[in-house]
Amino acid sequence: MNYPKTLPETHKQLLDKIITTLKKDQRILGIGASGSYASDAMDKYSDLDLVIAVNPADFDDIMTERFTIINSIEGKIAAFTGEHVGEPRLVIALYAPHAIHVDYKFVSLPDAATRVDDTKVLWEKDQLLTDTFKTKKHQYPCPEPQWIEDRFWIWIHYAATKIARGEYFEALEFLSFLRNVALSPLALQQAGLTPSGVRKIETRLPEFSKELELTVAKPEKESLIVATNKCIELYLELRENEQVERNIKAQEMCVTYLKQETQA
C-alpha cells in the first residue's frame, strides 16, 4: 500500500490494525480513507476518516454488530454514533495509547459512490470499491447564494431578538452559525477553495480571517451588536460577487429592527 507521506507513524500502526481486523470479515468488501489522508495533508492531530463498504445483503447485520467489530480492534477506549452530525451510519471512536480519533462510516457498497471528497482505497475485494467509485464523481456540498440570501435577513432578525432579550450566549452561538454556514463558505467558494465552513480559514484565507475575527463577540450586549453588524457588512460584501435576487425589503426591515431593538 502507498501511504501518504504525511501519515504519522502512530496513525499508520493503528490503521494497519484496523485493516487487518476488518478484512477478515467476509461481509466487508472494501475500506477507503478520505479527508486529510486522501489529500496527503495529515499531522499528529488528524483523524482517520474511513469508509467501510459492506455487502448490501449483510448491511443490516453489520450495523447491528458494528460496535462489536470496532471493539475488537486493540486500543479502543470510547465510541459513539454520529446522529449529532446527521449521519447515523457513522461511528466515532478513540484509540489508546496515542489518543487517535477514527471515524468509521459503514455504507452499503453501492452507497460508497456518494461521497463529498476523494477517497483512497486501502483494501478491497476484487476491485469492488474501486469500481464503485468510478460510477460517480465525488462532490463537496457547496453553498447556494440564493438559499443564503433567502434566509440571511431572518437570521439577523433572530440574532437581534436574542441580543434584545438578553440571551447573550444564545446570540454568541448564532453568530458562530452565521460564520460556519454563510460567511466562510461563501468566501471560500469565491476564492475557488473547498467551502468547508471555518475549518483552517486562518491559513486558507488569512485576510478574510482577520475580518472574521470582528464577528467574534463576548457575551455582552455592545460586543454582540458590533459583531452582528460586522456579519452584515461581510455578507453584503460577499453578496456583491453573486447573482442573486435580493430581498431589499427584508434587509431594510431587519437591519432597522436590529438597530431599534438593541439601542441602550
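Computed over heavy atoms, backbone and side chain alike; hydrogens, waters and symmetry mates excluded. Not measured: the values here are computed from a predicted model.
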### Task
Let me see the working for Thr215 and Arg179 under side chain to side chain donor-acceptor pair (under 3.5 Å), right down to the final yes or no.
CA-CA 8 Å; Thr215 71; Arg179 286 191 293 273; 3.2 Å; yes
### Task
Applying side chain to side chain contact (heavy atoms under 4.5 Å, CB included), run through Arg204 and Leu188 and close with a yes or a no.
CA-CA 8 Å; Arg204 300 171 77 200; Leu188 288 164; 3.7 Å; yes
### Query
Should Trp155 and Val181 be marked as a side chain to side chain contact (heavy atoms under 4.5 Å, CB included) after you check the CA-CA gap, both sets of side-chain angles, and the distance that decides it?
CA-CA 11 Å; Trp155 287 341; Val181 171; 4.2 Å; yes
### Query
Does the pair Glu261 and Thr161 meet the rule for a side chain to side chain contact (heavy atoms under 4.5 Å, CB included), with working shown?
CA-CA 8 Å; Glu261 297 301 322; Thr161 64; over 6 Å; no
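Cluster annotation: Tyr257 is not connected to Ile248 through the hydrophobic network of ILVMFWY side chains, with a link wherever side-chain heavy atoms come within less than 4.5 Å. Following chains of ILVMFWY side-chain contacts shorter than 4.5 Å, one cannot reach Ile154 starting from Val255, and the two form parts of different hydrophobic clusters. Hydrophobic clustering (ILVMFWY, side-chain heavy atoms < 4.5 Å, transitive): Leu94 and Ile70 are in distinct clusters. In the hydrophobic cluster analysis, where Ile, Leu, Val, Met, Phe, Trp and Tyr join through side-chain heavy atoms closer than 4.5 angstrom, Val51 is grouped apart from Val54. In the hydrophobic clustering of ILVMFWY residues, with side-chain heavy atoms under 4.5 Å counting as a link, Leu193 and Leu238 come out together.
Salt bridge status for Arg239 with Glu149: present, with a side-chain N to carboxylate O gap under 4.0 Å. Between Glu207 and Lys210 there is no salt bridge, since none of the side-chain N atoms of the basic residue sits less than 4.0 Å from a carboxylate O of the acidic one. We find that Arg89 and Glu83 are not joined by a salt bridge, their nearest charged nitrogen and carboxylate oxygen being 4.0 Å or further apart. Ion pairing between Glu170 and Lys162 fails under the 4.0 Å rule for side-chain N and carboxylate O.
The two residues Leu172 and Ala217 make their nearest non-hydrogen contact at CD2-O, 3.2 Å. A pairwise comparison of heavy atoms in Pro185 and Pro195 identifies O-CB, 3.5 Å as the closest pair. In terms of heavy-atom proximity, Gln146 sits nearest to Glu245 at OE1-N, 2.7 Å. For the residue pair Thr6 and Met42, the shortest heavy atom distance occurs at OG1-N, 2.9 Å. Nearest heavy-atom pair, Pro88 versus Arg66, reported as atom, atom and distance to 0.1 Å: O-NH1, 2.9 Å. Counting all heavy atoms, side chain and backbone alike, Val91 lies closest to Ala79 at CG1-CB, 4.1 Å.
At least one side-chain heavy atom of Val121 sits under 4.5 Å from a side-chain heavy atom of Glu124. With contacts defined as side-chain heavy-atom distances shorter than 4.5 Å, the pair Asp40/Tyr3 does not qualify. By the 4.5 Å heavy-atom criterion applied to side chains, Tyr168 and Glu220 are not counted as neighbours. Looking only at side-chain heavy atoms (C-beta outward), Leu14 and His11 stay at 4.5 Å or farther from each other. Side-chain contact between Glu65 and Arg27: present, with at least one pair of heavy atoms (C-beta onward) separated by less than 4.5 Å. The shortest distance between side-chain heavy atoms of Leu212 and Leu234 falls below 4.5 Å. Looking at Phe208 and Leu186, their side chains never come closer than 4.5 Å, going by heavy atoms from C-beta outward. Annotation: side chain of Lys259 is not in contact with side chain of Ile225 (no heavy-atom distance under 4.5 Å).
The distance from the CG atom of Leu50 to the OG1 atom of Thr119 is 10.5 Å, given to the nearest 0.5 Å. For the atom pair CD1 of Ile28 and CG of Leu128, the computed distance is 13.5 Å after rounding to the nearest 0.5 Å. Atoms SG and CG, on Cys231 and Leu178 in that order, are 5.0 Å from each other to the nearest 0.5 Å. Rounding to the nearest 0.5 angstrom, the gap separating the NZ atom in Lys200 from the CG atom in Leu205 is 13.5 Å. For the atom pair Leu29 CG and Leu129 CG, the distance stands at 9.0 Å (nearest 0.5 Å). For the atom pair CG of Leu122 and CD1 of Ile19, the computed distance is 4.5 Å after rounding to the nearest 0.5 Å.
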N/O donor to acceptor pairs below 3.5 angstrom from side-chain atoms of residues 101-112, sequence neighbours left out:
residue : atom : partner : partner atom : Å
His101  : NE2  : Asp103  : OD1          : 2.7
Tyr104  : OH   : Tyr95   : OH           : 2.7

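Qualifying ring-ring contact (aromatic ring centres under 6.0 Å, His included) partners for Phe152, counting only residues two or more places apart in sequence or in other chains: Tyr235.
Residue pairs meeting the side-chain hydrogen bond (donor to acceptor under 3.5 Å, both in side chains) criterion with at least one partner in residues 223-234, sequence neighbours excluded, are Glu211-Lys230, Lys230-Glu233.
For Lys125, the NZ atom counts as densely surrounded, since its 6.0 Å shell holds more than 12 non-hydrogen atoms of other residues, nucleotides or ligands.
Only one option out of Ser34, Ser36, Ser39, Ser196 pairs with Asp117 in a side chain to side chain contact (heavy atoms under 4.5 Å, CB included); it is Ser34.
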